[in-house]
Amino acid sequence: MQNNFIHASAIIDEGAIIGEGTHVWHFSHVMPRAVIGEDCNIGQNCFIDDNAKIGNSVKIQNNVSVYNSVTIEDDVFIGPSVVFTNVLNPRSFIERKAEFRNTLIKKGTTIGANATIICGNTIGEYALVGAGAVVTDYVLPYEIVIGNPAIHAGWISKSGKKLFFDGEGKAICPLTKEAYKLEENVVTCL
């Protein structure tokens, strides 16, 4: 863990893998079979469970628990107090570890503060989940979802600018000038 910053109050269990340049802040706990990539920022009071996988350049804000069976790809932003789950019908008196459902957060996604991600879902590349949204289904790449349950609210570019498609299904990012195509409810960056 050369070139890392691990706050003195953080607990890093033996066996955890933490990439170069990653910071783990106050009162966070990383379990022994967790994997965290390079150049990540794990905020205050976070919990990274066994078998959670976090890619490179991920920013996880304060008060987030990334549970077993959650995978977060590169360049993802997780806002404060986001909630991940890993069992659909938990009961305190029934062990359901064999029923964990995989959750996948794809490259470049942003998840707003206080959003809840129900297990077993995938959030596509560069999607935006609005603050407080409850994701109960697949989120498409570049899709914006808001509300409870989360519903479609538009499309977003890689740089985080809202996309407006013309009659031919084409849009230009106002920041980067990258071109996007919307065809059969699928957005691609050209």
Contacts table for residues 148-155: side-chain donor-acceptor under 3.5 angstrom, sequence neighbours left out:
from : atom 1 : to   : atom 2 : distance (Å)
H152 : ND1    : E143 : OE2    : 2.8
H152 : NE2    : G154 : N      : 3.4

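- For the atom pair CG of D39 and OG of S57, the computed distance is 5.0 Å after rounding to the nearest 0.5 Å.
- N63 and N45 are linked by a side-chain donor-acceptor pair at a separation below 3.5 angstrom, with hydrogens and angles left out of the test.
- Taking the six-membered ring where the residue is Trp, F5 and H7 present perpendicular rings, their angle passing 60° and hence far from 30°.
- Distance alone, capped at 3.5 Å, is enough to place a donor-acceptor pair between the D50 side chain and the R33 backbone.
- Looking only at distances, a side-chain donor or acceptor of D166 sits under 3.5 Å from a matching main-chain atom of G169.
- For the side-chain contact (heavy atoms from CB on, under 4.5 Å) criterion with I36, the lone passing option out of I42, I17, I12 is I42.
- Partners of S157 according to the side-chain hydrogen bond (donor to acceptor under 3.5 Å, both in side chains) rule, which considers only residues two or more places apart in sequence or in another chain, are S159.
- Listed by first and then second residue, the ring-ring contact (aromatic ring centres under 6.0 Å, His included) pairs that reach into residues 42-78 are H29-F47, sequence neighbours excluded.
- Cluster membership check: L182 shares its hydrophobic cluster with Y180, using side-chain heavy-atom separations under 4.5 Å among Ile, Leu, Val, Met, Phe, Trp and Tyr.
- Judged by distance alone, the side chain of R96 and the main-chain N or O of N89 form a donor-acceptor pair under 3.5 Å.
- A search for ring-ring contact (aromatic ring centres under 6.0 Å, His included) contacts involving F100 returns nothing, not counting sequence neighbours.
- With values rounded to the nearest 0.5 angstrom, K170 atom NZ is found 14.5 Å from L163 atom CG.
- For N56, there are no side-chain hydrogen bond (donor to acceptor under 3.5 Å, both in side chains) partners, not counting sequence neighbours.
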For N41 and W25, run side-chain hydrogen bond (donor to acceptor under 3.5 Å, both in side chains): C-alpha distance rounded to whole Å, both residues' side-chain angles, the deciding distance at 0.1 Å, then the answer.
CA-CA 8 Å; N41 190 63; W25 290 95; 2.8 Å; yes
Do any side-chain atoms of residues 102-116 form donor-acceptor pairs under 3.5 angstrom with protein atoms, and if so which ones, sequence neighbours left out?
from : atom 1 : to   : atom 2 : distance (Å)
T103 : OG1    : G120 : N      : 3.2
K107 : NZ     : D75  : OD2    : 2.7
T109 : OG1    : K106 : O      : 2.9
T109 : OG1    : G124 : O      : 2.9

